[in-house]
Amino acid sequence: MGSAGLEEYVDVAVVGAGHAGCEAALACARLGLETVLFTMSVESIAMMPCNPHIGGSSKGHLVREIDALGGEMARCIDHTFLQSRMLNRSKGPAVHSLRAQADKAAYSSRMRRTLERQEHLQIRMQEVTDIVTDDENNLTGVRTISGTLWHCRAAVLCTGTYLNAVCIYGDVCVPTGPNAMQAADHLTDSLRGHGIDIHRFKTGTPARIDGKTIDYTRMTRQDGDVPVIPFSFETDPSEVQIEQVPVYLTHTNEETHRILRENLDRSPLFSGKITGTGPRYCPSIEDKVVRFSDKQSHQVFVEPQGRDTDEMYIDGMSSSMPEDVQVRMYRTVPGLEHARIVKMAYAIEYDCINALQLKENFEFRHIPGLFSAGQFNGSSGYEEAAAQGLYAGINAAMKILGKDSLRIDRSEGYIGVLVDDLITKENHEPYRMMTSRAEYRLLLRQDNADLRLTEKGYRAGLIDEDRYKRFLKKKELIRAEIERVNSIVIGAGEEAGIYLKQAGSTPLLGSATLAELIRRPELDYRKLAPLDPDRPSLPDDVQEEVNIEIKYEGYIKRQKKQVEQFRKTENMRIPDSLDYDTVPSLRNEARQKLKDIRPSSIGQASRIMGVNPADISVLLIYLKGYHT
Amino acid sequence: MYKSMHDTIAAISSAVSESGIGIIRISGPDAVAAADIVFRSPGGRKKLSDAVSHTIHYGYIFDREGGVIDEVLVSVMRAPRTYTAEDTVEINCHGGILAMKKVLDAVLHCDSYPGSDNSIVVRAAEPGEYTKRAFINGRIDLSRAEAVMDLIEAKNEYALRNSVSQVRGSLYNKISELRSEILYEASHIEASLDDPENLDFTPHLPHFRDKLSEWKETIGRLMSSFEDGRLASEGIRTVIVGKPNAGKSSLLNLFLGEERAIVTDIAGTTRDLLTETINLQGITLLVTDTAGIRDTSDEVEKIGVERAERALKDADLILWIVDSSVPLDENDIRIASLLSGRRGIILLNKSDLETVTCEDDVRALLDHPYQDNEGGTGSPETIINEYSASEDNIRREVRILPFSALDGSGYDEFIMILKDLFFHGKLSWNDEVVITNARHKLLLAQACESLERVCESLEAQMSEDFFAVDLMDAYEALGTIIGEEVGEDLIDEIFSRFCMGK
């Protein structure tokens, strides 16, 4: 590496300027810490190298939670989206999920602009090759390829898919990061040298096709919602009612599948050229054809990449097949018969870590001061990355500032589920957020993300006083209105009877509270306005919250009870210094797992695979003695 | 999930002795209140909650309908001067094992008694839980607690093995089947919530409703089978088979120590199925003697043979009595086919006479059980299909030994084999069985309740995201019965069954 020369001094160094890195760097700088954000290329800041959308089932929840904590992603997409839809609208409010198609270039440049304008933050285009530690393995700095030593008090690794990246399709195998960006080939060795356990994961992306060569008349057009609901709780809804761009739906068919099957031996996935572990979610099209051989057709969404480009993203057909197979298989799809490929589909392999090495605050257990986030932690997805980046960034800052770590448990947010899963469970594939992973999801809704997390964002210092006051006011309005609705009694009068019939309900036999009526399946808070003349005028989001809290009260109460139980074991903390070798009677498997993962609470310990209830009893008894 | 330390718990705390006296211990904040619900003094006036600490009271335990279960002595001991340092009530029962089970059952269900306000809830204690509480509440020191930890571990391992060995055969299969069906539906729901543009659960709802009532019915049947049969006379369901006059009834008599079945030299004298509860050195066998299995034209005896075959299917253990004084014949061939894949002990009876049939002959027959099955009344294939077992299994599960029901030779070895088969010679059986069974029943009830909640949600027109949790609760409860955890089952099922992700 270059000769030792320059030395620079900052508080925090963030390595990588993808979705995780941007959030981490912004959080630190906003908290007043001098921050440097390293990127392989300034052109790749907040790049979306795969699908062109943000949000979707459970991911939309993450974006809103990021917003509630004072992150940037929601605001950025609100200003750069092409189309927006609320998914699962026919289901319960807990699974409503916002998803927006993004203008990739606009998203990227807006985020870059935000970074540039941020005080205390500098962007530096340079490859970080080493982490530097003192004798006690505390992080003291990072070194770049030119030999410059950047002294820092904390570093956040957000290297995404760039470490020792290789892009592969057919026999073509090029050592680059996504979108032919230069890979980072040095840092892994330094990390290994510091005892960090490295995994190799794989993911893939479909082809981009020239929109001028697509016949959209053979596809089903899909438009966005009107009106559009913004992601950020701070965005004025009137600002997002833009002219939207459609997405198109088409399907693969038997011919597509036949071509893939006949060429399976040419796929680097099946020939063994690819060794990394891929996700089971979003499998490549050849994977789908093999694993779900009884399905005769798979959905394909053709999605715009931006307003200023004809490039279309062929969602559902990621592949690492050779070029000739790709050309032929895409052209079997209705509407793509004459399609010209702009960018080939490819698979990408990269180095990442086993996140069990991290503490609850995303700091490496054996390298104090070193934090990590995003795809580097073994996850997949922009939203998962951004959420982790924000979380790790805040916690790096908290450490430097000597404040309590940000802690979000499984009952408080999808981010809590994400963090806990990553640091507790063996992860054998890129981890994707899913609604089924959240056991308390009836409480973790996208509509109440602000109510759940604004307080934590405020305490961390990322939510300003104005916003905090607005939040407190909203909370109070909701509380007061729920109380009022519970106390309003509607009599079985003639007028009420007629109205209820009109609304598709049945007249009252005796009297009922307004809350009881709201709970009828066919009614809701808004529909009952005519029977509620004294109703105060309230903002839409407050009305929505009141409706949900009352309508689903039974379910919500039950989940809150479950959360109480969960909290009991969650609050039984395990001292950091506990030496598991001195705990008698633990089974060997459990002892090893506990030593590796070092859970912070009895609750977390009980979620570790291989630690059974008997081990937990043993631990509880031991801890009792340990304290006294 | 870890159970709360603050619950009130109950269990049979003494091993069931021959005299039939045993203790049920209740510990926790609601111990006295719970006992008050099920206890009545002779005058009907005395309340245990008014009783002074460390006093003993005479009275009766009642069931929900007001019927007397047992005459008892109840000790009331208030915190902190008790073993667990919590309020503790001990119920001394007299009525033997069945009464003890019923008393425990009553305590565990005290929340459903008329007049109770549902706020008093008692759950079955986990293995070692009393001692754990005693330690945590500071009643015993660390060195004693460490010994206890070993015990907890051993007991847990045992409980797991116990539950697995106990819940096998048809019950195990039924629960596994139920679970995989529930998991499939739950994963279908989750997959459609995660990828709504690709999958929709709504059209599947009518089918789901049918499934739901099917599941509830199955669980209901399982629960009542616990109540009627299995729980009332708990033990290893053992069936004695053998061709006519091989000495089945003599064996039963040897076990019983008295002559109860008719023993004659005329083949086919045992027509009814006799069921006896027999305690052999701490192991309870629920023994059914069968009519000799053979081709018959006698209608009455035919019914007996059919019953025997049915009993065989449900058996935990098969004792095959081979008459070693005569050669194997077609009746033995038929029995060998019934035995395949089952847990069994083969007794080469009449070792006091000259041996004509030896162990190797029987082994040969077991290895090739269908060399001559023509003319048999039942079809061995159908039975074999139900219990499809490999030869490996046969060798592992079946033990053979010479025996004489007449002079008792081979009896001690038989007991050892029996212990080995069921407990690997480690632990006694009786007191744990009752507890695990009470827990199993509660778990079935829990599963049923969760499914009931799903129905309520459907009734209230709630979408599937509301009841998916309840579905997985039922899945988890059923899993606990057969010793399986949930882990990543749901996520794995989603990915293996559904093609996800656009």
Side-chain angles (χ1 to χ4, degrees), chain A residues 51 56-58 87-88 90-92 94-95 97 222 249 279-283 288 291-292 295 298-301 315-316 425 432 434-437 439 441-442 519 521-522 552 555 559 562 565-566 568-569 584-587 602-603 606 609 612-618 620-622 624-625 628, chain B residues 1-6 126-129 132 135-136 138 141-142 145-146 148-150 152-157 159-160 186-187 189-198 201-202 453 457 460-466 468-469 472 485 487-488 490-492 494-502:
Chain A
N51 67 70
S57 183
S58 73
L87 303 178
N88 274 331
S90 63
K91 309 297 179 207
V95 292
S97 295
Q222 210 176 52
L249 171 64
R280 286 177 295 178
Y281 199 97
C282 272
K288 289 184 193 180
R291 282 179 43 212
F292 300 94
K295 276 199 91 171
H298 294 276
Q299 282 185 329
V300 177
F301 288 89
D315 208 332
K425 293 178 181 164
R432 183 193 188 274
M434 294 168 81
T435 155
S436 51
R437 297 192 195 269
E439 48 276 78
R441 74 170 165 214
L442 295 183
R519 278 195 277 274
E522 64 279 5
Y552 308 111
Y555 292 91
Q559 283 242 297
Q562 290 167 349
Q565 278 301 116
F566 157 80
K568 273 185 196 155
T569 55
S585 299
L586 280 174
R587 289 170 317 113
I602 290 289
S606 69
M609 288 283 216
N612 69 25
D615 300 316
I616 295 296
S617 297
V618 166
L620 267 177
I621 290 174
Y622 184 81
K624 188 83 183 177
T628 51
Chain B
M1 188 38 62
Y2 175 73
K3 296 246 170 72
S4 172
M5 285 290 299
H6 312 288
E126 305 281 310
E129 195 168 4
K132 191 164 89 186
F135 173 76
I136 288 180
D141 61 23
L142 189 62
E146 280 171 4
V148 172
M149 282 187 252
D150 290 336
I152 292 174
E153 185 185 336
K155 281 206 174 187
N156 241 303
E157 236 171 63
L160 191 69
S187 70
I189 289 171
E190 296 299 345
S192 68
L193 293 174
D194 253 313
D195 196 1
E197 290 167 301
N198 190 9
F201 188 75
T202 317
R453 280 209 202 95
S457 292
Q461 299 172 36
M462 291 294 172
S463 57
E464 51 273 18
D465 48 307
F466 285 100
V469 184
M472 285 311 287
E485 286 178 52
E488 296 284 283
L490 182 60
I491 304 279
D492 290 342
I494 291 173
F495 286 133
S496 68
R497 298 287 196 143
F498 300 96
C499 186
M500 299 280 293
K502 74 174 215 180

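All values below come from the heavy atoms of this structure, side chains included, with hydrogens, waters and symmetry mates left out. Chain naming here is simple, since letters A, B, ... match the order of the sequence lines and numbering starts at 1 in each.
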Checking side-chain contact (heavy atoms from CB on, under 4.5 Å) for the pair B/Glu197/A/Gln222: CA distance, chi angles, key distance, verdict? CA-CA 11 Å; B/Glu197 290 167 301; A/Gln222 210 176 52; 3.6 Å; yes

Given a strict heavy-atom distance threshold of 4.5 Å, which part of A/Met434 is in contact with chain B: side chain, backbone, both, or neither? both

Could you look at B/Met472 and say if it's the side chain, the backbone, both or neither that has a heavy atom under 4.5 Å from chain A? neither

Sequence neighbours excluded, the answer for ring-ring contact (aromatic ring centres under 6.0 Å, His included) partners of B/Phe201 is B/His188, B/His204, B/Phe208

Residue part contacting chain B, namely of A/Glu522, when any heavy atom lies under 4.5 Å: neither

Candidate pair A/Val95 and B/Glu190, rule side-chain contact (heavy atoms from CB on, under 4.5 Å), full reasoning: CA-CA 10 Å; A/Val95 292; B/Glu190 296 299 345; over 6 Å; no

Side chain, backbone, both or neither of B/Leu193 within contact of chain A (heavy atoms, under 4.5 Å): both

A/Arg432: side chain to side chain donor-acceptor pair (under 3.5 Å) partners, not counting sequence neighbours: A/Tyr281

Residue from A/Asn88, A/Asn51, A/Leu87 scoring the most non-hydrogen pairs under 4.5 Å with chain B is A/Asn88

Can you tell which part of A/Arg291 gets under 4.5 Å to a heavy atom of chain B, answering side chain, backbone, both or neither? side chain

So for B/Ser457, is it side chain, backbone, both, or neither that comes closer than 4.5 Å to the heavy atoms of chain A? both

Can a side-chain donor-acceptor contact be found between B/Asp194 and A/Ser57 if the only test is distance below 3.5 angstrom? yes

Intermediate values then yes/no, side-chain contact (heavy atoms from CB on, under 4.5 Å), A/Leu249 and A/Gln299: CA-CA 7 Å; A/Leu249 171 64; A/Gln299 282 185 329; 4.1 Å; yes

